[in-house]
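In what follows, a structure is listed as structure tokens, so that the remarks can point back to it.
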Number of protein chains: 2
Amino acid sequence: MKKQKVSGAVIRRLPRYFRHLTDLHAEGMERISSSAFGKTMNLTASQIRQDLSCFGEFGQQGYGYNVEKLRQEISEILGMTLRHTAVVIGAGNLGRALIENFRFDRSGFQLIAAFDVDQKLVGSELAGVPIYHADTLEHYLAEQPVSVGVLTVPKHIAQSTADCLVEKGVKGIWNFTNVELAINEPSVVVENVHFADSLLALSYMISDEE
Amino acid sequence: MKKQKVSGAVIRRLPRYFRHLTDLHAEGMERISSSAFGKTMNLTASQIRQDLSCFGEFGQQGYGYNVEKLRQEISEILGMTLRHTAVVIGAGNLGRALIENFRFDRSGFQLIAAFDVDQKLVGSELAGVPIYHADTLEHYLAEQPVSVGVLTVPKHIAQSTADCLVEKGVKGIWNFTNVELAINEPSVVVENVHFADSLLALSYMISDEE
DNA sequence: TAGATTGTTAATCGATTAACAATC
DNA sequence: TAGATTGTTAATCGATTAACAATC
């Protein structure tokens with residue numbers, strides 16, 4: 001996958017494309033034009049064609065795009081076929097919600113383990129995922145190649161846990177703590193899920209009218 | 001609060017400003033220049049000054065910005081002082097994680113109730129928040145002004161629940177289901193938290209290098 | 001006062017949209 | 001073939017950055 005520079009705006013739209021294509025496929029739609037697709041997604045046809053052209057030529061003049069084929073292509077582009085591995089660190093409410101309810105496999109990830117300090121959890125499984133003691137994380141990472149650490153630990157150990165993940169060579173951190181992580185390894189990517197930022201944006205928007 | 005048109009990009013940065021100012025304040029910092037603030041946040045000084053100028057004049061030549069005052073101003077801009085109310089619908093793992101761990105008050109919201117169909121939960125409290133039966137939601141909303149409905153229900157009832165919220169006049173929906181909600185009331189704002197989109201963007205970024 | 005730093009106007013850069021030749 | 005629709009180049013629009021007079 002040779003990558004010219006693709007803008008962040010485009011990257012953020014790719015998962016939406018994928019999601020909508022999955023829905024369209026489930027509805028039995030076989031082909032779609034950029035203009036029809038644009039209507040579904042509230043984008044211009046131009047933008048969709050422009051976005052896709054960053055990665056190749058997936059359509060056919062006079063026909064449009066094959067829904068299933070395009071979906072497959074985008075899953076490749078997103079790296080969903082690479083069988084990335086993930087571990088959840090912190091099996092509190094949020095960690096458990098992710099383990100039990102979030103379909104990692106649908107995003108191409110294998111969730112292979114979770115870690116917590118709670119002795120009541122350690123040794124058990126949640127949704128088929130084994131829970132190990134947090135103390136064994138470092139050892140585990142040394143043995144097992146892990147692509148992404150999902151950080152759902154309490155604030156005060158967020159940075160130290162992240163440091164451990166980085167040191168052991170994870171490629172990315174999916175950060176649910178509202179700590180601004182300081183990572184000095186430039187190849188490691190942090191993706192923040194800031195609930196509060198999202199709620200505050202909503203707050204602004206509903207406070208709009210005077 | 002008179003609103004000229006403020007771009008989405010600016011709105012999305014406001015919560016980050018607020019968060020960083022809160023941190024700086026906690027660290028005891030009293031004043032900061034746009035250039036120092038820019039360094040902290042990885043933005044240019046120009047951008048910060050430009051962003052803030054959408055809402056007024058909060059700095060002082062030769063001095064910079066008073067951290068606490070600016071934090072206060074931004075909280076006003078975001079509508080955090082309006083005492084918006086929220087209810088959580090769906091007290092499964094994710095709903096409970098939000099009720100128990102997410103500090104709604106820190107974003108200026110009052111979480112006043114939660115709803116679920118599970119009889120084991122109905123009548124109890126979680127972190128001081130009463131859980132009512134989902135059947136009583138409609139009645140509750142008619143009695144109680146609610147600004148935001150937090151949607152953490154299973155996929156198949158997401159749309160119908162949203163319809164109910166809209167009909168009863170909520171201003172916003174904080175949507176954690178991965179359902180694309182169809183809302184025909186234009187004044188109602190939907191803020192989506194798409195975990196999968198976030199993870200897929202991360203997937204792309206860690207799959208980048210070849 | 002001199003130095004620092006703002007708010008704002010102008011310049012630049014990048015992203016979105018429009019147009020159209022190529023072609024299925 | 002004629003109609004539809006792509007991929008791509010050019011035009012437009014908007015957002016970011018730079019510059020600077022105003023002033024604390």
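Chain letters run A, B, ... following the sequence lines, proteins first, then strands; residues in each count from 1.
Counting non-hydrogen atoms under 4.0 angstrom, B:Ser34 reaches the backbone sugars and phosphates but no base. When heavy atoms are screened at a 4.0 angstrom cut-off, A:Phe37 is found touching no nucleic acid atom at all.
Remark: C1' of C:dG3 and CZ of B:Arg31 are 12 Å apart, rounded to the nearest angstrom. Residue A:Gln50 contributes atom CD, which lies 8 Å from atom C1' of C:dT16 at whole-angstrom precision. If you measure from atom CE of B:Met41 to atom C1' of D:dT16, you get 15 Å, rounded to the nearest angstrom. Atom CG in A:Leu52 sits about 16 Å away from atom P in D:dT5, given to the nearest Å. Put simply, NZ on A:Lys5 is 11 Å from C1' on C:dG14, counting in whole angstrom units. Atom pair A:Asp51:CG and D:dT6:C1' shows a separation of 15 Å (rounding to whole Å applied). Protein atom NZ of B:Lys39 is 10 Å distant from nucleotide atom P of C:dT5, rounded to whole Å. Note: CZ (B:Phe55) to P (C:dT8) measures 14 Å, nearest angstrom.
Across all strands shown, C:dG14 forms a Watson-Crick or G-U wobble pair with D:dC13, both key distances being under 3.5 Å. D:dA19 and C:dT8 make up a base pair, with Watson-Crick or G-U wobble contacts both under 3.5 Å. Across the strands present, D:dG3 finds its partner in C:dC24; the criterion is a Watson-Crick or G-U wobble pair with both atom distances under 3.5 angstrom.
In the displayed structure, A:Lys39 atom NZ is contacted under 6.0 Å by at most 12 heavy atoms of other residues, nucleotides or ligands. For A:Gln110, the CD atom is densely surrounded, since the number of other residues' heavy atoms within 6.0 Å is greater than 12.
Mapping A:Gln47 and B:Ser46 onto DNA chain C by nearest heavy atom places B:Ser46 at the nucleotide closer to the 5' end. Across the interface with DNA chain C, nearest-nucleotide mapping of B:Gln61 and A:Arg49 shows B:Gln61 to be the residue nearer the 5′ end.
Closest approach to the A:Gln60 side chain among C:dC24, D:dT23, D:dT8 is made by C:dC24 (side chain taken as heavy atoms from C-beta onward).
Taking the six-membered ring where the residue is Trp, the centroids of A:Trp174 and A:Phe109 are separated by 6.0 Å or more.
The phosphate of D:dA15 has neither OP1 nor OP2 within less than 4.0 Å of any side-chain N or O from B:Arg13. Of the side-chain N and O atoms in A:Thr44, none sit less than 4.0 angstrom from OP1 or OP2 of C:dT16. OP1 or OP2 of D:dG7 lies within a sub-4.0 Å distance of a side-chain N or O belonging to A:Tyr65.
Note on ring orientation: taking the six-membered ring where Trp is involved, the planes of B:Phe115 and B:Tyr140 are perpendicular (angle over 60°, cut-offs 30° and 60°). Aromatic ring pairs are classed by plane angle as parallel below 30°, tilted from 30° to 60° and perpendicular above 60°; the pair A:Phe176 and B:Phe195 is perpendicular.
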